[in-house]
Protein chains: 4
Amino acid sequence: MAVRTHGGMGMPAVTPDESAESSVPRRLLAVATRLFAEKGFDRTSVQEIVDAANVTKGAMYHYFDSKDDLLAEIYARVLRLQMSRLAEIARQDGPVAERVRRAAADVVVSTIDNLDDATISFRSLHQLSPAKQREVRDERRRYHELFRSLITEGQERGVFTDRVPADIVVDFYFGSVHHLSTWYHPEGALSPQQIGDHYADLLLTALQSA
Amino acid sequence: MAVRTHGGMGMPAVTPDESAESSVPRRLLAVATRLFAEKGFDRTSVQEIVDAANVTKGAMYHYFDSKDDLLAEIYARVLRLQMSRLAEIARQDGPVAERVRRAAADVVVSTIDNLDDATISFRSLHQLSPAKQREVRDERRRYHELFRSLITEGQERGVFTDRVPADIVVDFYFGSVHHLSTWYHPEGALSPQQIGDHYADLLLTALQSA
Amino acid sequence: MAVRTHGGMGMPAVTPDESAESSVPRRLLAVATRLFAEKGFDRTSVQEIVDAANVTKGAMYHYFDSKDDLLAEIYARVLRLQMSRLAEIARQDGPVAERVRRAAADVVVSTIDNLDDATISFRSLHQLSPAKQREVRDERRRYHELFRSLITEGQERGVFTDRVPADIVVDFYFGSVHHLSTWYHPEGALSPQQIGDHYADLLLTALQSA
Amino acid sequence: MAVRTHGGMGMPAVTPDESAESSVPRRLLAVATRLFAEKGFDRTSVQEIVDAANVTKGAMYHYFDSKDDLLAEIYARVLRLQMSRLAEIARQDGPVAERVRRAAADVVVSTIDNLDDATISFRSLHQLSPAKQREVRDERRRYHELFRSLITEGQERGVFTDRVPADIVVDFYFGSVHHLSTWYHPEGALSPQQIGDHYADLLLTALQSA
DNA sequence: AATGAATGAGTTTTCATTCAT
DNA sequence: AATGAATGAAAACTCATTCAT
């Protein structure tokens, strides 16, 4: 964990804020997220980040241990968010197919809502320290396992085919989702929700065939 | 364009060769592909590349204009290869569903066969110069269009659903394929061909539902 | 503009100071001036400069954007100095011939006083970036124009011949002055002031003939 | 001396020839002269020279010992030329003032005719090896001495003032001449001959005053 | 809580020259 | 007479991080 002196890092990810009113660490994370997504982690210098956030280097190193730490925070935030959304949907009532459809569409919408995070997270894992890479992988695995448990439940109930292993289904689907950041464009013909529905449709149809 | 003076760059990508007998540019490309995949483009220094290829820096700059150029050659090679395989399958006879299934499985197998290329190509596009990025995107678009034309053909013949736009189907599927490099492991339970068959199964089932 | 953060760059050019007590940017400029004059801009490495100034490369790049920037500062300083001296003399009272004589002798003395600057400035203009070359040329043109206006005044008052265009006179004279750096030697028989008087004599005599 | 295998290096400077028909060393010297004047010696790479001359590096190193050698040849050529022109004028008949006027105007015209040589020679001396620098300085001194002997002759005959030492006069005048390359432009209002006449006028008037 | 000067190891790239052919 | 691959030393510049204040 990076932030040393400042309590409320649990700031809502729904209001990333680069403006001057926002707190310094918040602003740094918002700015770093944008810059890492635009230019890549290694191509973004600490100087650029602090300039864009309108703080000094000293201030940045007061709140974060290192540039790596900034990246780790970004990963932590997005994983936390995705996990909580999936957990929320998984624990709802209703037929498993319905829950999978909802989860599948939701992860698309929330990925598009945080497209910079998605860009970073599928491209920059190897730039994290090995220890933090492991943490991220572990959390991601937990996430995949939760999703997979839904698939498995459907297969066991006989509403999903079991021709394809649940593992493969999960990797197949999240590959599609992660790659949204390489082609999605806000000016495109389809809304995030429509794309989410199409993706969920493709997944569900594949699983529900006789 | 990278290689300046010597002929015969059309070396078979199936035998990347880092050994001393191989020609200097060949060795450099093989070594660079491995290192870029392992550590990322920006984290790999030219010094490491030339040391691993057992040549001097001067020799490298004799054959390649820049480190970027090395990356561009890697992209060019993989795009060329994938395009020719898809074109070969697309022009075969047989029902469209069969051709799509073959293409879908084949791209999985060939991606796994060249996993380093896949790792690089989905992670390093932004490290290319803008001009070269455009070239890569253009070639990739042509590739997607060829695949999409197969989907469209199936939709027009009524063998594929048209609930989901062909564009979305293509991005959906290639997302899955590109992400193979993040999870595939040779020691895994399934062979590349089996994974390809499962992926093709998921795609075809999704498309062929009534 | 070179120096980024610290104040007071208006240090007196009459006391170039390479000693350790002097401020870092001051020392760098003093050392660079000496080395550029001795060996030429391109033959002087940044490493040599920082070694001679007893600072690290990082420190130098903290204060100056580039090696070019160092050169540009040297140019800016000498131009500023020369312009202020000429302006001072031009605005004095007395017959125009007297003012021209004073200016002509003074520029010789001040060129000799800053011989390294003179060496650099007549040899290194092309090593500046095009934008900075233009700035230097513009400032130099303003300088020449001020001098020329004195010549023109003398011609209009009838105390100087107008057989030769004032432009030519100015270029003729400043050519002589700039070349002092190629032959002047402190051990020579004549003092700077004596040389200045001879130069002014040659100029004035040429202009005052009937 | 640089050229190893090829006799007639005494090619006329009046026909610098970069065209393909010209001999290889001739072409190299012509091209190098242009490039050194345009971009400076250190900024011009051997590769650029051989590319522009349409030969290979091997060919260049066949004819010249080094890049330095190319520069030395350029110096040698221009000094030889200037010396022969001055000697020719000095040995003519007629009043000394007339000979000085002719020499003074002629050096201006011939400098303008070979402006690239002038640019190089006043800017690049320090890029020559010490040994070759000495040779150039010696030859230049001989040249100055010949010119000075004309001045002295005039002073002894009482047609020139001796208020100003002949040495100073010579340096004064050749400073003006060498600087032609910094301001002369073919599109300017005055022809080379007119400029030469003005320069000679300024010199002679300064010397002939009572 | 914050500054910003300073570090020093690292980066990519250039280039005159050599040499086997 | 000419080639062009290869060398190896040196170049300018970057940057994450530290630390005295």
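No hydrogens, no waters, no symmetry mates; every other heavy atom, side chains included, goes into these values. In the text below, chain A, chain B and the rest are named by the order of the sequence lines, each starting its count at 1.
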Is a donor on one side and an acceptor on the other found under 3.5 Å between the side chain of [X] and the backbone of [Y]?
| X | Y | value |
| --- | --- | --- |
| Y75(B) | S121(B) | yes |
| K39(C) | H126(D) | no |
| D68(C) | S129(C) | yes |

When you measure from the side chain of [X], which nucleotide among [options] comes out closest?
| X | options | result |
| --- | --- | --- |
| Y61(C) | dT17(E), dT12(E), dA12(F) | dA12(F) |
| T56(B) | dA6(F), dC15(E), dG4(E) | dA6(F) |
| V46(A) | dT11(E), dA11(F), dT17(F) | dT17(F) |

Subject >> R43(B)/D42(A) salt bridge by N-O under 4.0 Å criterion >> reply: yes
Original post:
Using 4.0 Å as the upper bound for N to carboxylate O, is an ion pair formed by E73(A) and R77(A)?
Top reply: no
Original post:
In dot-bracket notation, what is the pairing pattern of DNA chain E, taking Watson-Crick (N1-N3 plus N6-O4 or O6-N4) and G-U wobble (N1-O2 and O6-N3) contacts under 3.5 Å, with [ ] crossing and | for other strands?
Top reply: .||||||||||||||||||||
Original post:
When you match A59(A) and R43(D) each to their closest nucleotide on DNA chain E, which lands nearer the 5' end?
Top reply: A59(A)
Original post:
Where do D51(B) and Q47(B) land on the side chain to side chain contact (heavy atoms under 4.5 Å, CB included) test, with the steps shown first?
Top reply: CA-CA 6 Å; D51(B) 285 351; Q47(B) 192 62 59; 3.0 Å; yes
Looking at [X], I'd like to know whether one of its side-chain N or O atoms comes within less than 4.0 Å of OP1 or OP2 on [N].
| X | N | result |
| --- | --- | --- |
| Y63(B) | dA6(F) | yes |
| H62(C) | dA6(E) | no |
| K67(D) | dA16(E) | yes |

**OP:** Please state how far atom CE in M60(C) lies from atom P in dA5(E), giving the value in whole angstrom units.
**Re:** 15 Å
**OP:** Can you tell me the distance, in whole Å, between the CD atom of Q47(A) and the C1' atom of dA5(E)?
**Re:** 12 Å
**OP:** Please state whether the base of dT13(E) and the side chain of K57(B) form at least one donor-acceptor pair under 3.5 Å?
**Re:** yes
Original post:
Hey, does V55(A) reach any base, or is it just sugar-phosphate, or nothing, if we go heavy atoms under 4.0 Å?
Top reply: nothing
